[in-house]
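The chains referred to below are lettered A, B, ... by the order of the sequence lines, with proteins before strands, and numbering in each begins at 1. All values below come from the heavy atoms of this structure, side chains included, with hydrogens, waters and symmetry mates left out.
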2 protein chains.
Amino acid sequence: MNEEFLNYLNDTFGITFKNTSYLKEAFTHSSYVNEHRELKLRDNERIEFLGDAVLELTVSRYLFERYPNQPEGKLTRLRAAIVCEASLSQFAKEYGFDQQIRLGKGEERMNGRKRPAMLCDLFESFIGALYLDQGLEKVVDFLEQTIYPRIASGAFSHVMDPKTNLQEFLQQKGEVAIQYLLVEEAGPAHQKEFLVEVMAEGKKLGEGKGKTKKAAEQVAAANALEQLQQL
Amino acid sequence: MNEEFLNYLNDTFGITFKNTSYLKEAFTHSSYVNEHRELKLRDNERIEFLGDAVLELTVSRYLFERYPNQPEGKLTRLRAAIVCEASLSQFAKEYGFDQQIRLGKGEERMNGRKRPAMLCDLFESFIGALYLDQGLEKVVDFLEQTIYPRIASGAFSHVMDPKTNLQEFLQQKGEVAIQYLLVEEAGPAHQKEFLVEVMAEGKKLGEGKGKTKKAAEQVAAANALEQLQQL
């Protein structure tokens, strides 16, 4: 690995790898391996597989402790927002990981170095390499300097209340009346499932299911936002 | 918690909980909480959220080490087969967890104690409680006595070769010719994506994408099996 990058990891995050072989693997894209078959390298996909699971657990544990009174549904939504392409690829760029990855020439020409999916995988493989070389506590230590403060500052909390968020989104274009319609109620009294549709100006924007009407409304709002933001 | 069950955990798996409050939470279904609002109990959903992530990491780590030469795709398929409803609910029954969960009366009447989805969640919440009370190493210790030997004995390896499996499945009804058709080939030379359809007797059984033709065929076979087994 590039000496400068190793120094950066040390100076910025207090990380010193015992052995850089996992780190090298984490920064090797399959396109590079394919173009240099004679080197018999490994790409970062196996380490990313592991890093993904490490991140899932460390973020889950953090959310579980930080929000002792939030129901599972909110924790799941929050976790999904944190462990998703957009946020992880952002981190990978911020910490300069994108400059370190070994890419094939073809991939480079296709602007592969900027692809969010590649950057997200790269962040996860870095986490995997850190875990393999230094253990789970060092990963937590790294996240305490990077992702956790971002969560604590509320950077992801919009996903915890999609209804408010949908309202704010729609009101950018002036006053809009949002309606939540209960379309279906299934299951026995103690274990109901509600299906709710969210409407504005006579148009269906999204739908959602949940164990309570309120939960189904939040899911419907999240679904509507997702679709609106794709337009 | 039931004294007898605590003794069972101790005798069978060497697990002694320091504090049984997480364990109680893990064995409390939302239907029970809903029927006993005055008790202000917590259901097991938050702990299951955490247990799910713990299991994901511990199983991933095991697979990563046990199969040092398998590509990520195979590890992912294997992990999905292990951490899925059918296998986890089986474990929950085998270890008598189903007898310990507090269910609401309505849920009990609806045969809720046998529902695979409930049992799977229960297994995950047990893992969550074990993790919170005893740490990750004790979870690994428990899995070494339960799931890992099952993996090592090849109980899940059928998912590693869906093509062979599909062939065996179809040949139960006599000789059948299976065809894999390459339908699409996209992307630049070094980063292709293949779309394959699997056919038998002129009928499309499934389809799959992959970075190589072989990988796409395996995904298509897995997809076909999934659909055939639902019939």
Side-chain angles (χ1 to χ4, degrees), chain A residues 29-35 42-61 63-65 67-76 78-79 83 103-110 112 115 118 121 125 128 131-132 135-137 187-192 211-212, chain B residues 29-35 42-61 63-65 67-76 78-79 83 103-110 112 115 118 121 125 128 131-132 135-137 187-192 211-212:
Chain A
H29 191 259
S30 57
S31 61
Y32 187 87
V33 175
N34 293 339
E35 287 184 15
R42 294 191 108 154
D43 65 37
N44 64 4
E45 294 178 4
R46 279 172 48 89
I47 290 200
E48 182 229 320
F49 162 84
L50 191 59
D52 170 76
V54 171
L55 203 62
E56 185 101 356
L57 175 58
T58 46
V59 169
S60 299
R61 171 90 200 221
L63 295 177
F64 184 86
E65 282 169 358
Y67 302 105
N69 297 312
Q70 294 291 355
E72 173 273 329
K74 284 201 185 175
L75 299 184
T76 298
L78 200 45
R79 181 175 66 190
V83 187
L103 279 186
K105 284 189 192 128
E107 188 66 18
E108 189 79 80
R109 271 196 304 270
M110 305 283 290
R115 272 199 308 125
M118 186 284 286
D121 292 349
S125 14
Y131 169 67
L132 286 166
L136 201 58
E137 282 320 300
H190 62 288
Q191 190 84 331
K192 283 218 177 304
K211 288 187 185 172
T212 63
Chain B
H29 191 258
S30 58
S31 62
Y32 187 88
V33 175
N34 293 338
E35 284 183 17
R42 292 192 113 154
D43 65 38
N44 65 3
E45 293 177 4
R46 279 173 47 90
I47 290 201
E48 183 229 320
F49 162 85
L50 192 58
D52 170 75
V54 171
L55 203 61
E56 185 100 355
L57 175 58
T58 46
V59 169
S60 300
R61 171 91 199 219
L63 295 177
F64 185 86
E65 283 170 357
Y67 301 106
N69 297 312
Q70 295 290 355
E72 173 274 331
K74 284 201 185 175
L75 299 184
T76 298
L78 200 45
R79 179 173 69 189
V83 187
L103 279 186
K105 284 188 193 128
E107 187 66 18
E108 190 79 79
R109 269 196 305 271
M110 306 283 291
R115 272 200 306 124
M118 185 285 283
D121 292 350
S125 15
Y131 169 67
L132 286 166
L136 201 59
E137 281 319 299
H190 62 290
Q191 190 84 330
K192 284 220 176 300
K211 289 186 186 172
T212 62

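For the residue pair B:Leu57 and A:Ala53, the shortest heavy atom distance occurs at CA-CB, 3.7 Å. Closest approach of B:Arg46 to A:Pro71, counting heavy atoms only: CG-C, 4.4 Å.
Both the backbone and the side chain of B:Asn69 come within less than 4.5 Å of a heavy atom in chain A. When heavy atoms are compared at a cutoff of 4.5 Å, B:Ile47 approaches chain A by way of both its backbone and its side chain.
In terms of the side-chain hydrogen bond (donor to acceptor under 3.5 Å, both in side chains) criterion, residue partners of A:Arg115 (sequence neighbours excluded) are, by chain and number, A:Glu107. Listed by chain and number, the residues in a ring-ring contact (aromatic ring centres under 6.0 Å, His included) with B:Tyr32 are B:His36 (sequence neighbours excluded).
Separation of atoms CG (A:Leu75) and CZ (B:Phe49) is listed at 4.5 Å; rounding is to 0.5 Å. Put simply, CG on B:Leu136 and CD on A:Glu137 are 9.5 Å apart, with the number rounded to the nearest 0.5 Å. For the atom pair B:Glu72 CD and A:Asp121 CG, the distance stands at 8.5 Å (nearest 0.5 Å). Annotation: the span from B:Asn34 atom CG to A:Lys211 atom NZ amounts to 8.5 Å, rounded to 0.5 Å.
In terms of non-hydrogen atom pairs under 4.5 Å with chain A, the most contact-rich of B:Thr58, B:Leu132, B:Asp43 is B:Leu132.
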